[in-house]
K.L.:
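Could you have a look at this structure, given as structure tokens, before my questions?
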Amino acid sequence: MRAPPPSVAAGGLLAALICGCVSSLTGQSTPYAAVSVDNGTRATLVVIGARLPVGSVHDVVGLEGTAWLLGKTLAAQANAALSGDAGVTVDVGRSSTLFTLSALPNAWGVAWAMLERTLFDATLDSTSFERERTRLSGQVLFQSGSPALDSEGRVVQLVSSPSNPWARSPRGTRASLDALTIHDAQLLRRSKYSATSSVVAAVGLGDNAVLREHPAQLVNSPPQGPAWTVGTRLDVTQEVTSSWISVAYPLQGPLSRTAMEFVAHLIRWRLSPLPPDPDRYEVAVRLVDAPLGVVIVVDGAVAPEASKLFEQEVVRVVSDLALDPPAGDVFTWDRRRFRTARLLTEATPELAVARITSDLLRDGKRRDLAEDMWEITPAAVAGALLALGQPRVFRLGPDLRSR
Amino acid sequence: MRVVSGITLVLLPLAPLAIHAQASDAAFAPDTIVQMPDGPRVTLLHADGGGVAALRLSVPFIESAAEAGAGRMLAALAEQRMAGPARQIGARVSASRTPWGLAYSVEGADVDLEYLTYLLRLATAEPRPERGVVDAIRAELTVDLERQAESPGDRLLFDLRRAAAPELTPLAGSPGSLRLLDEARLRAVWRRSHQSASMSLVAMTAASPPALLAMLEAIGLPADQMADSLATPDPQETGASPLLLRSWYGEALVDHALADPHAAVAAYLISQNIARSGTGVEVGVRLWQLRDRTLIVVAGAARSRRAAASIREAVQAALGDAVSSLDACVIEDAVDRVGREYRTRARSPGGLVEQVGRMADSTGGASDALQYLAGLARVTAASLSEYLDGLGPPFVVELLP
């Protein structure tokens, strides 16, 4: 005899939820710290993100990976309970965990109630926990020695003190994964998983939903930086076929978040020639919310012979921007491209809820990007560029002298 | 009829909203469909407030065997033409070969709509590449062909496709047809295919229909400049044979329709059966749209000849179980998952115009994405069983070491 499919197994529970629960977004009692709702334009799905202020920074020493496994286990439990009309993904970070629900428009209410119940009430399932632990251990084993991951880990330690809990590996180590138990995950959940400290953003609910959108009452001011005052350099030699270079610049606030993102965009644009440079395999520029302040990190994976040139190019581009910030038509074109890039990113609903929930958790309210972008002036950008401090540079790659 | 900017327009009737589609599936419903005189058919999905505009222009054409691969080369050339100007405003652009022709897509800020239509004009302009560009593209496509010929999985798919649809020209071409495709020949294919009147455009924007239509003038060629098809014989090349270490086996079921939602539900159920059965052999399922039919392909590999029998059994068990296990709850779950996957692909403006445009390319109906979802909601165990029974015996291909 076949085992009943998940939809059958979950049927009774779903029915109970339909009768007994009302979603917290639609007018009930779960008191989230902040809620944002966007009805969406021609939305084909309802996407809701719940961001909890818990991440690997809360892992106990020796039990790294607890927050990761907890998030993965709860997402697996939620997916097992949901039928085919909805699904949940989870992204566990250093300081927060984002659960994202995607649901058919007629199914989101029941699915959201199920996710809330799973996150804050349901018992942690030991079978799901063990399955996720086995999966994660396999990944950690498989990826051990990966120069890209090694590089990523070292860059994190470059932008914060290596002893800071924020710098720990979110996915843990083989030893820590072997050591931690479901009780450790339960402890973390009991102490940190709380609706009142979490924020929610929904996209695509349509006009009929009854909503209670509200900003946060209390906001923890993020550190204004700079994350450091003296630049440093770290070279790691490994016999690998590519080189990984990261150049990190601390920012001293207070600065508009959108202006900082614009600066990151400017650097990325100026490092992306057309036609593409075949020696640059990948270039990314990102904002990192490090423990002491925001950092702009330029990451490049390049041909080893091109690594020195790439590093010089990054430093030159940033220095030129700071000395001669965009103005006039150049500024107008830059802002136009930045605006389009942001609009296109936000047009994907799960990326929109990721950004909005980050805004809510950090600032207590969501940014109006369209308004923010028109308010960016050449002076504001020049100010943000002047707020860049001395870079810390990391390079991992082969010893070029032996070639 | 209404007149916009001095052009006489024919407003086409819209299909009524299907009652089985969910209310929110109105996202797939066109607001306006206009056939521009001697110009493209324009399907407008009006969208206020998002700030993003997405446009997808389809150019239908069929390649002869001697021209096979021309669509891909034209697409590559169009992407090159669009890339630089698109970068200036941060727009996303792409050109792709579909089973029905070429599709040019642009996506950017709604305030840049006029510039986005300019990018489409660039995409559909006569190809005049710089020296060496065509050779470089041809070399790249030839390497792709060689890579596929050397890969047993790709070779199995190639042979299954040839068995199930022998009269359809492979879109990737052959080494022989690619060799023949020089600049003059590509221009001839372009001149034959890129007439305004045969094109169709799907747009999602806040702009009004008259404003959008005014921006779309002068896209493509007038009909009187059409060229004839090339009369060169088929180069008749299939490429090298792969070195086989394992036994490969595949079956292809042929659905002679292109938008029957039963196909996707059946493919999903077959894949679930394979995952549950834990056959110990590598077996995969693929839903493959060709120009005029859909293939449900189940194929796999195993280490020995004896194991080839177990792939065959796994494939046949998956197909058999898909029919025999048709329980209402299982079907409902599968329908939901297929529907969610379809709507997920359409969740951004670019994705929505892609789904609406692709469906219109395959069926001709501008509202058929909506009809597809309505049809999906009507799939039952009985209708699925009837669908599978009607497919006929599968085409089979085996590759042995």
K.L.:
Set out, in order, the CA-CA distance, both residues' side-chain angles and the distance that settles side chain to side chain contact (heavy atoms under 4.5 Å, CB included) for A:His265 and A:Arg342, then state yes or no.
P.N.:
CA-CA 10 Å; A:His265 172 86; A:Arg342 291 310 310 252; over 6 Å; no
K.L.:
Between A:Asp372 and A:Thr258, is there a donor-acceptor pair closer than 3.5 Å when you use the side chain of the first and the backbone of the second?
P.N.:
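No, the answer is negative, given that no donor and acceptor are paired below the 3.5 Å cut-off.
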K.L.:
How far does CG of B:Leu269 sit from CG of B:Asn273, to the nearest 0.5 angstrom?
P.N.:
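Rounded to the nearest 0.5 Å, the CG-CG separation comes to 7.0 Å.
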K.L.:
Looking only at atom types and distance, does a side-chain atom of A:Asp91 sit under 3.5 Å from a main-chain N or O of A:Leu98, one as donor and one as acceptor?
P.N.:
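Side chain of A:Asp91 to backbone of A:Leu98: no pair is present.
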K.L.:
Pairing donors with acceptors under 3.5 angstrom, does anything connect the side chains of B:His46 and B:Thr32?
P.N.:
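Judged by distance alone, the side chains do not pair up.
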K.L.:
Is there a donor-acceptor contact under 3.5 Å from the side chain of A:Arg42 to the main chain of B:Ala29?
P.N.:
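Checking the backbone N and O of B:Ala29 against the side chain of A:Arg42, a donor-acceptor pair under 3.5 Å is found.
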K.L.:
Kindly say whether B:Arg56 contributes a backbone atom to a donor-acceptor pair with the side chain of B:Ser105 at under 3.5 angstrom?
P.N.:
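Here the side-chain-to-backbone pair does not exist.
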K.L.:
Using only non-hydrogen atoms and a strict under-4.5 angstrom cutoff, which residues of residues 349-359 of chain B touch chain A?
P.N.:
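If one takes a 4.5 Å heavy-atom cut-off, the residues of residues 349-359 of chain B near chain A are B:Pro349, B:Leu352.
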K.L.:
Taking side chain as everything from C-beta outward and backbone as N, CA, C, O, which of these in A:Glu350 sits under 4.5 Å from a heavy atom of chain B? Side chain, backbone, both or neither.
P.N.:
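Contact with chain B involves the side chain of A:Glu350 alone.
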K.L.:
Could you tell me which of B:Glu332, B:Met204, B:Glu341 has the largest number of non-hydrogen atom pairs under 4.5 Å with chain A?
P.N.:
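The residue among B:Glu332, B:Met204, B:Glu341 with the greatest pair count is B:Met204.
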K.L.:
Does any heavy atom of chain B fall under 4.5 Å from the side chain of A:Leu344, the backbone, both, or neither of them?
P.N.:
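A:Leu344 touches chain B through backbone and side-chain heavy atoms alike.
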K.L.:
Hey, which of B:Val338, B:Leu45, B:Thr344 has the most heavy atom pairs under 4.5 Å with chain A?
P.N.:
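Looking at each of B:Val338, B:Leu45, B:Thr344 in turn, B:Leu45 comes out on top.
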K.L.:
Check whether B:Asp48 gets within reach of chain A through its side chain, its backbone, both or neither, counting any heavy atom under 4.5 Å.
P.N.:
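Just its backbone gets close to chain A.
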K.L.:
Tell me whether A:Arg286 contacts the main-chain N or O of A:Ala264 through its side chain, where contact means a donor paired with an acceptor under 3.5 Å.
P.N.:
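Between the backbone of A:Ala264 and the side chain of A:Arg286 there is no qualifying donor-acceptor contact (under 3.5 Å).
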K.L.:
Any sub-3.5 Å donor-acceptor pair from A:Ser272's side-chain atoms to A:Arg268's backbone N or O?
P.N.:
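Present.
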K.L.:
Non-hydrogen atoms of chain B under 4.5 Å away: do they reach the side chain of A:Arg336, the backbone, both or neither?
P.N.:
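The answer is both parts of A:Arg336.
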K.L.:
Is chain B contacted by the side chain of A:Ala370, its backbone, both, or neither, given a heavy-atom distance below 4.5 Å?
P.N.:
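Neither the backbone nor the side chain of A:Ala370 comes within 4.5 Å of chain B.
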K.L.:
Is there any residue in residues 77-90 of chain B with a non-hydrogen atom under 4.5 Å from a non-hydrogen atom of chain A, and which ones are they?
P.N.:
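Answer by number: B:Ala83, B:Gly84, B:Arg87, B:Gln88, B:Ile89, B:Gly90.
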K.L.:
Do NZ/NE/NH1/NH2 and the carboxylate oxygens of B:Asp112 and A:Arg339 come within less than 4.0 Å?
P.N.:
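No, no charged N to carboxylate O under 4.0 Å.
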K.L.:
Is the shortest side-chain N to carboxylate O distance from A:Arg367 to A:Glu261 below 4.0 Å?
P.N.:
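Salt bridge: yes.
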K.L.:
Verify, without hydrogens or angle tests, whether A:Thr345 (side chain) and A:Ala341 (backbone) share a donor-acceptor contact under 3.5 angstrom.
P.N.:
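Pair found, side chain donor or acceptor close to backbone of A:Ala341.
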K.L.:
Can you tell which part of B:Val111 gets under 4.5 Å to a heavy atom of chain A, answering side chain, backbone, both or neither?
P.N.:
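Just the side chain, heavy atoms under 4.5 Å.
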K.L.:
May I ask you to decide whether B:Asp333 forms a salt bridge with B:Arg337, counting only side-chain N to carboxylate O separations under 4.0 Å?
P.N.:
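Counted as a salt bridge, because a side-chain N and a carboxylate O are separated by less than 4.0 Å.
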